[in-house]
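See structure below.
A note on names: the letters A, B, ... follow the listed sequences, proteins ahead of strands, and every chain is numbered from 1. Here the structure is a predicted model, which means the values were calculated and not measured.
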Number of protein chains: 2
Amino acid sequence: MTSEIQEKGKRAKAASYVLNIKTTSEKNEALTKIAEQLLIDQQAIITENAKDLAKGEEQGIPASTLDRIMLNSERITAMADAIHLLVKLDDPVGKVVEHIKKDNGLQIEKRSVPLGVIGMIYEARPNVTVDAATLALKTGNAVVLRGSSSAKFSNIALVTSIHCALAKTAVPTDAVQLIEDTSRETAKELFHLKDYLDVLIPRGGKALIDLVVNEATVPVLETGAGNCHIYVDEMADYIKTEKICLNAKTQRPSVCNAAESLLIHPAWFQTYGTQLLTALQQAGVTIIGDANVCQAFEAALPATEEDYGTEYLDLTISVKLVENVYEAIEHIHQYGTNHSEAIVTEDQVVADTFLHSVDAAAVYHNASTRFTDGFEFGYGAEIGISTQKLHARGPMGLPALTSTKYFIYGDGQIRV
Amino acid sequence: MTSEIQEKGKRAKAASYVLNIKTTSEKNEALTKIAEQLLIDQQAIITENAKDLAKGEEQGIPASTLDRIMLNSERITAMADAIHLLVKLDDPVGKVVEHIKKDNGLQIEKRSVPLGVIGMIYEARPNVTVDAATLALKTGNAVVLRGSSSAKFSNIALVTSIHCALAKTAVPTDAVQLIEDTSRETAKELFHLKDYLDVLIPRGGKALIDLVVNEATVPVLETGAGNCHIYVDEMADYIKTEKICLNAKTQRPSVCNAAESLLIHPAWFQTYGTQLLTALQQAGVTIIGDANVCQAFEAALPATEEDYGTEYLDLTISVKLVENVYEAIEHIHQYGTNHSEAIVTEDQVVADTFLHSVDAAAVYHNASTRFTDGFEFGYGAEIGISTQKLHARGPMGLPALTSTKYFIYGDGQIRV
């Protein structure tokens, strides 16, 4: 017997071969239709969403999670608006990225092409369903969606609406598949669906990502955790330092590009340490310091080894004195997650040492780590922020959902 | 207790941070020194190689494998020559691949950087040791080598020579690590060495590659098998067809870009089938045909379902009639390995349908599949031929061993 995953994977693969050769305008028309249909189906979607919310309340799901599941007219309109913006973005498919002409007359063109079928595994938020489906279609990819059981009714309603829209377009409805069985077993099946999936993208917390990275045999696009540091050098300007530290820690502490740890040069700390930590404390930040910091700043709590490896995702920061930029780099390599790392200094040589030596997706000189973001970089869309080194690193825009293919044009050439 | 793998992985990682910021000329000087040292150490290498050969003979290793292990003056000179050519190639590291200037004054540069540490696991041939080490160093990467037990003495001698050369240069000797324990357990340990390896590249047969792909949690650069097809369309020119089929099948049948299967349009087959198959047969090729082919060509052996999925790597080819280009594409998607696929036709529309629809690293119109090769494409070096879609697809030159990193230059900018 064929399982739901096998069956839907197979259909998505077949659809991907059709979608693969659709034009930009055919894909954009399909996206526009989806945006329109979501608004038309608004009431039905909200009704189904209410079932998820009722079930969640019954099961005692925390209010913050319920809020992430909740859909209302405003949120559905926001989804439709995001699709209209996606339509306007440049199609990354079909670009000739390399052209080689050989002496024997062979013409070799390396062109960007869709990946094929994208598997997407994610947690509570049902808007990821629409986001993932539309990013996939824009880039000519079919998609197999595997959301959370807590948003099951909402996800079915959203995909029903998407299918209804696609039925009126050149894009096959099979290009968007939703796995309705949300058991652990189907997740594991998805991890090994190599015959049909070209890539698997987990979107969610560290536990989900680690599970996928460790278990999947399908290639994974890893969007990882951010244990981001700011190194405040001996030559750091105080005003810039305070602005950057406050912004990186407090503007949105729950996200991966927020700072989690300050490394400070002892000489700078002696002059400005108390002033900086006081400013952070007044902004509501709990300071976890090493012995030197705790001695100088009474409100600091003592840091353990574990603190340096912790992504707090909250108004908490660890603070440690380091002798120089080299010790800062070593600390970052030991505890960092290769996401976003910043130095504040007016010394260009020290800055260059830091930027070139630190192994991270994004390295900053005199700016907040909070800028690591596809929209901030001007990509117009974001698949996620990659902390891996293969394929894509840092904020991933639409090109991250493409591969390349060599087209070779001959006239009977053979290899000699 | 730290294992050999842990210890050498850690050293390679530390060396990668040093190597990371070496200039092109520092890296090239190190490569030149290695080429020189291999020639100096020639006799010692050949002596150690003789031990591997003696052990292999004792163990009854086939002569063809022993030939692959064998090193002599000519082969060592060829290694040195290859290194001198590598020195001349463009350094792919440090290129600004994208430059973004934001309204707030932030300057964002996306630059190519080394991957970090490359794990290389490979079979008999000791020349892979030198090839992998020098390709890694050229691209600023450290490397952990895990060769075969059958070439252990040779590999140790080669890496000793490399270390002796590096000791005189700016590149740390720790950048090249050889795992001397060639047990299965150490291979498995390498598969999961995520703390120290940035990528794992298997080089060898299908069994090795499948093992690595299925077991490794370190990201893998997969260089896969090639079950390559040639579709001979109704409008195929006979002369071109015969030239291409003979070349793709017989010029070097043991390699991944050789053709393994012919798909032929029935009308064309009726006119030219016997002539083409006779030509192949006269070139020593065994024809395995479907019912129609067997009926028309007496010497053909009947094909089973399994034949269509077989990479013969030998002077054997399966031949099947297909109704049209769509059936050819479907067959290729069912049995192919996404490597190299060719169409022979004078009909441009049919050719375009084939080229755009077939999902493979390289698609050919009127040319032999044998061209899928980094040197043929003019890359000057080849890491392997990728059949995966993430990171690199098709022949991989030096840029496949790089990642990217965002450098962000500010003056106190914060996110609002």
- Message: Take a 6.0 Å sphere around NZ of B/K194 and say whether it holds more than 12 heavy atoms from other residues, nucleotides or ligands.
- Response: yes
- Item | Geometric class of the B/H333/A/Y17 ring pair [parallel <30°, tilted 30-60°, perpendicular >60°] | parallel
- Item | B/V416 portion near chain A, given a 4.5 angstrom heavy-atom threshold | backbone
- Message: What part of A/A362 gets within 4.5 angstrom of chain B, counting heavy atoms only: side chain, backbone, both, or neither?
- Response: both
- What residue, out of A/G412, A/P395, A/S368, has the most heavy-atom pairs lying under 4.5 Å from chain B? A/G412
- Under the side-chain contact (heavy atoms from CB on, under 4.5 Å) criterion, do A/I108 and B/F377 qualify, and how do the steps go? CA-CA 8 Å; A/I108 304 174; B/F377 280 18; 3.6 Å; yes
- Is there a donor-acceptor pair closer than 3.5 Å between any side-chain N or O of A/H391 and the backbone N or O of B/H391? yes
- Task: Measure distances from A/I414 to the heavy atoms of chain B and classify the residue's part below 4.5 Å as side chain, backbone, both or neither.
- Result: both
- Message: I'd like to know if the side chain of B/R415 and the backbone of A/F371 have a donor-acceptor N/O pair within less than 3.5 Å.
- Response: no
- Under the side-chain contact (heavy atoms from CB on, under 4.5 Å) criterion, do B/L390 and A/V199 qualify, and how do the steps go? CA-CA 8 Å; B/L390 293 187; A/V199 60; 3.9 Å; yes
- Toward chain A, the part of B/Y379 with a non-hydrogen atom under 4.5 Å: side chain
- Item | Other residues, nucleotides, ligands: >12 heavy atoms within 6.0 Å of B/Y238 OH | yes
- Task: Let me know if A/N338 has heavy atoms under 4.5 Å from chain B in its side chain, its backbone, both or neither.
- Result: neither
- Could you walk me through whether B/I21 and A/S357 pass side-chain contact (heavy atoms from CB on, under 4.5 Å), step by step? CA-CA 7 Å; B/I21 46 176; A/S357 298; 3.9 Å; yes
- One option among A/A361, A/A342, A/P219, A/S340 has the most heavy-atom pairs under 4.5 Å with chain B, and it is A/A361
- Task: Show your working on side-chain contact (heavy atoms from CB on, under 4.5 Å) between A/E109 and B/L355 and close with a plain yes or no.
- Result: CA-CA 12 Å; A/E109 281 182 9; B/L355 297 180; over 6 Å; no
- Query: Does any heavy atom of chain A fall under 4.5 Å from the side chain of B/L106, the backbone, both, or neither of them?
  - Reply: side chain
- Task: Can you spot which of A/V113, A/T402, A/D198 makes a side-chain contact (heavy atoms from CB on, under 4.5 Å) with B/K389?
- Result: A/D198
- Query: Tell me, side chain or backbone of A/R111 under 4.5 Å from chain B's heavy atoms, or both, or neither?
  - Reply: side chain
- Task: Could you look at B/E330 and say if it's the side chain, the backbone, both or neither that has a heavy atom under 4.5 Å from chain A?
- Result: neither
- Note on the structure: Checked A/L246, A/V358, A/V18 vs chain B; the most non-hydrogen pairs under 4.5 Å come from A/V358
- Taking atom NZ of B/K102 as the centre, report whether more than 12 heavy atoms of other residues, nucleotides or ligands fall under 6.0 Å from it. yes
- Message: Can you tell me which of B/V220, B/I244, B/T353 forms the most heavy-atom pairs within a distance under 4.5 Å of chain A?
- Response: B/I244
- Note on the structure: Shortest non-hydrogen pair, B/G410 vs A/A367, comes out as CA-CB, 4.2 Å
- Does A/D411 pair with B/K240 as a salt bridge, N-O distance under 4.0 Å? yes
- Do the ring centers of B/Y364 and A/F407 come within less than 6.0 Å of each other? no
- Does any heavy atom of chain A fall under 4.5 Å from the side chain of B/A360, the backbone, both, or neither of them? backbone
- Item | B/E376 versus chain A, the contacting section by heavy-atom distance below 4.5 Å | both
- Sort A/D237 into side chain, backbone, both or neither according to what part of it lies under 4.5 angstrom from a heavy atom of chain B. neither
- Task: Check each atom of A/E98 against the heavy atoms of chain B and say whether the ones under 4.5 Å are side chain, backbone, both or neither.
- Result: side chain
- Donor-acceptor contact below 3.5 Å, side chain B/K405 vs main chain A/G394: no
- CD (B/Q413) and CZ (A/R370) are apart, to the nearest 0.5 Å, by 15.0 Å
- So, does B/N366 use its side chain to make a donor-acceptor pair with the main chain of A/Y409 at under 3.5 Å? no
- Task: Check each atom of B/D195 against the heavy atoms of chain A and say whether the ones under 4.5 Å are side chain, backbone, both or neither.
- Result: neither
- Note on the structure: Comparing A/T369, A/L115, A/T372 against chain B, the one with the most heavy-atom pairs below 4.5 Å turns out to be A/L115
